[in-house]
Amino acid sequence: MSRNPRLGIWLMIAAVAAFAAQDGFSRYLAGEYNTLMVVMVRYWVFAGFVMLLALRRPEGVRAAVGSRHMRVHVARSVLLVGEICVIVWGYTLIGLIESHAVFAICPLLIAAFSGLILGERILWQRWLAIGAGMLGVVVILRPGLGVFTPAALLPLASAVMFALYSILTRLTTRDEPTFPSFFWPAVIGAGIMTGVGLPNWQPVAPADVPLLAIYASISIFSHWLLLKCYEQIEAARVQPYAYLQIVFVTLIGLTVYGETLGPLVALGTGIIIAAGLYALSLERGAGKATQA
């Protein structure tokens, strides 16, 4: 049950605004240095944050992080590391706006994979929404029209990886608490990124040290906001507000980086968001019918 729905909604809006700001810093830092180094720093902060949360768990650290699905957590960690590295690399090649426009297909991919991998029953209306979302991606990418570049596939690959990560997360949370699923990708991912990031370390310019510190701080703050949001309201009820991240990212891309919002990108994004909201309405309607 929701404790404070209005507060939960505002916390979600604040969280996606913070994630958008984090993406803005990612675009700059990964352009000045390299993606592996920037993501490594992000993971160091993320791992420190979840370790602090684990130390504060009332049941104790060992009980809080214990899991029977460690192999799955390793797979999830690899997928999440890949997803973050690929999307951040995409920011540097095609920009924030187009990357997030394509990545918006992720919720629909999760719905598709839930049927293909988890065996969940998917209504034909949801398949229709998934198809419409893919049409939106085609509108954005425009293959065959001379404007398509291989780099445009990076956010799509990132969306696929995050969708698979989300499906595996459902598997781990079916029969155990959610905290291990939050803890292990951060810790395992930090180990993976340290291994691949340290050999690519570059000296940080003095002027960029404050930016790197702000970036790390926003990384913690955004996850803290999201956790506090879910303490106030169910995740499904605030999911539509997550699409506001595209709005915030677009504003950052336009005002900070001088990116442009092409009419076909706007049209494709609108199709994807409309399809995602329609699919979400089907899911919420099915949930109400089940409760009845």
Side-chain angles (χ1 to χ4, degrees), residues 1-23 83 87 96-115 120 122-137 139-140 155-156 158-160 162-163 165-167 169-170 173 178 221-253 261 265-292:
M1 295 294 292
S2 298
R3 295 171 57 187
N4 190 334
R6 180 173 295 181
L7 176 60
I9 290 170
W10 281 111
L11 285 168
M12 172 57 81
I13 294 173
V16 297
F19 280 121
Q22 177 180 280
D23 292 337
E83 180 267 324
I87 194 70
L96 290 170
I97 295 175
E98 190 164 338
S99 293
H100 269 274
V102 176
F103 189 83
I105 193 65
C106 189
L108 293 170
L109 292 178
I110 294 173
F113 289 154
S114 67
E120 297 179 0
I122 301 181
L123 300 173
W124 67 266
Q125 293 97 327
R126 189 169 298 176
W127 282 117
L128 183 63
I130 294 167
M134 293 306 301
L135 175 62
V137 171
V139 171
I140 295 170
L156 182 59
S158 180
V160 170
F162 191 76
Y165 165 84
S166 301
I167 292 299
T169 300
R170 287 189 186 181
T173 55
T178 59
F221 185 54
S222 56
H223 283 95
W224 179 82
L225 286 170
L226 198 59
L227 286 173
K228 291 301 178 182
C229 167
Y230 293 149
E231 288 178 3
Q232 301 298 330
I233 189 172
E234 297 91 337
R237 292 186 61 184
V238 290
Q239 192 57 42
Y241 297 94
Y243 282 112
L244 287 173
Q245 184 172 351
I246 299 175
V247 177
F248 295 134
V249 163
T250 300
L251 291 175
I252 292 172
L261 177 60
V265 174
L267 174 61
T269 305
I271 293 172
I272 295 171
I273 293 175
L277 292 175
Y278 176 65
L280 182 62
S281 70
L282 293 174
E283 183 175 341
R284 295 172 71 177
K288 291 180 180 179
T290 302
Q291 292 176 359

Open item on the list: I need the minimum non-hydrogen distance between Leu225 and Ala18, along with the two atoms involved.
Closed with: CD1-CB, 4.2 Å
Open item on the list: Tell me whether Trp127 at atom CH2 has more than 12 heavy atoms from other residues, nucleotides or ligands lying less than 6.0 Å away.
Closed with: yes
TODO: Report yes if the side chains of Tyr241 and Val16 come closer than 4.5 Å at any heavy-atom pair, otherwise no.
DONE: no
- [ ] Taking side-chain contact (heavy atoms from CB on, under 4.5 Å) as the test, write out the residues that go with Ala104, two or more places apart.
- [x] Ile246, Ile272
Task: Residue pairs, two or more places apart or on separate chains, that pass side-chain hydrogen bond (donor to acceptor under 3.5 Å, both in side chains) and touch residues 96-111 - done: Asp23-His100, Tyr91-His100
Task: Spacing of CD belonging to Gln245 relative to CD belonging to Gln22, to within rounding of 0.5 Å - done: 9.0 Å
Open item on the list: Applying side-chain contact (heavy atoms from CB on, under 4.5 Å) to Ile13 and Phe248, what does each step give before you reach the verdict?
Closed with: CA-CA 10 Å; Ile13 294 173; Phe248 295 134; 4.1 Å; yes
- [ ] Work out which heavy atom in Leu108 is nearest to a heavy atom in Ala129; give both atom names and the distance.
- [x] CD1-O, 3.8 Å
Task: Glu83 side chain near Phe103 side chain, heavy-atom distance below 4.5 Å - done: yes
TODO: List for me each residue that meets side-chain contact (heavy atoms from CB on, under 4.5 Å) alongside Ala21, sequence neighbours excluded, and say none if there are none.
DONE: Ile218
Task: Minimum heavy-atom distance between Val249 and Ala20, given as atom pair plus value - done: CG2-CB, 3.7 Å
Task: Residue list, side-chain contact (heavy atoms from CB on, under 4.5 Å) with Leu128, at least two apart or on another chain - done: Trp124
- [ ] Specify the closest pair of heavy atoms between Ala132 and Ala275, including all atoms of both residues, with the distance to one decimal.
- [x] CB-CB, 4.1 Å
TODO: Would you indicate whether Phe113, at its atom CZ, is surrounded by more than 12 heavy atoms from other residues, nucleotides or ligands within a distance under 6.0 Å?
DONE: yes
TODO: Calculate, to the nearest 0.5 Å, the distance between atoms CG and NZ belonging to Leu11 and Lys228 respectively.
DONE: 9.5 Å
Open item on the list: Please find the pair of heavy atoms, one from Pro107 and one from Tyr243, that lie closest to each other, and give the distance.
Closed with: CG-OH, 3.7 Å
TODO: May I ask you to test the Arg170-Ile110 pair for a side-chain heavy-atom distance under 4.5 Å?
DONE: yes
Task: Separation of Leu251 CG from Leu261 CG (nearest 0.5 Å) - done: 10.0 Å
Open item on the list: Please enumerate all residues that pass ring pair (Phe, Tyr, Trp, His ring centres under 6.0 Å) together with Phe162, with sequence neighbours excluded.
Closed with: Tyr165
Open item on the list: Quick one, Met12 and Leu226 - any side-chain contact, counting heavy atoms below 4.5 Å?
Closed with: yes
Task: Atom CZ of Phe221: over 12 foreign heavy atoms under 6.0 Å - done: no
Open item on the list: Suppose we screen for side-chain contact (heavy atoms from CB on, under 4.5 Å). Which residues come up paired with Ala111, at least two apart in sequence or across chains?
Closed with: Arg126, Ile130
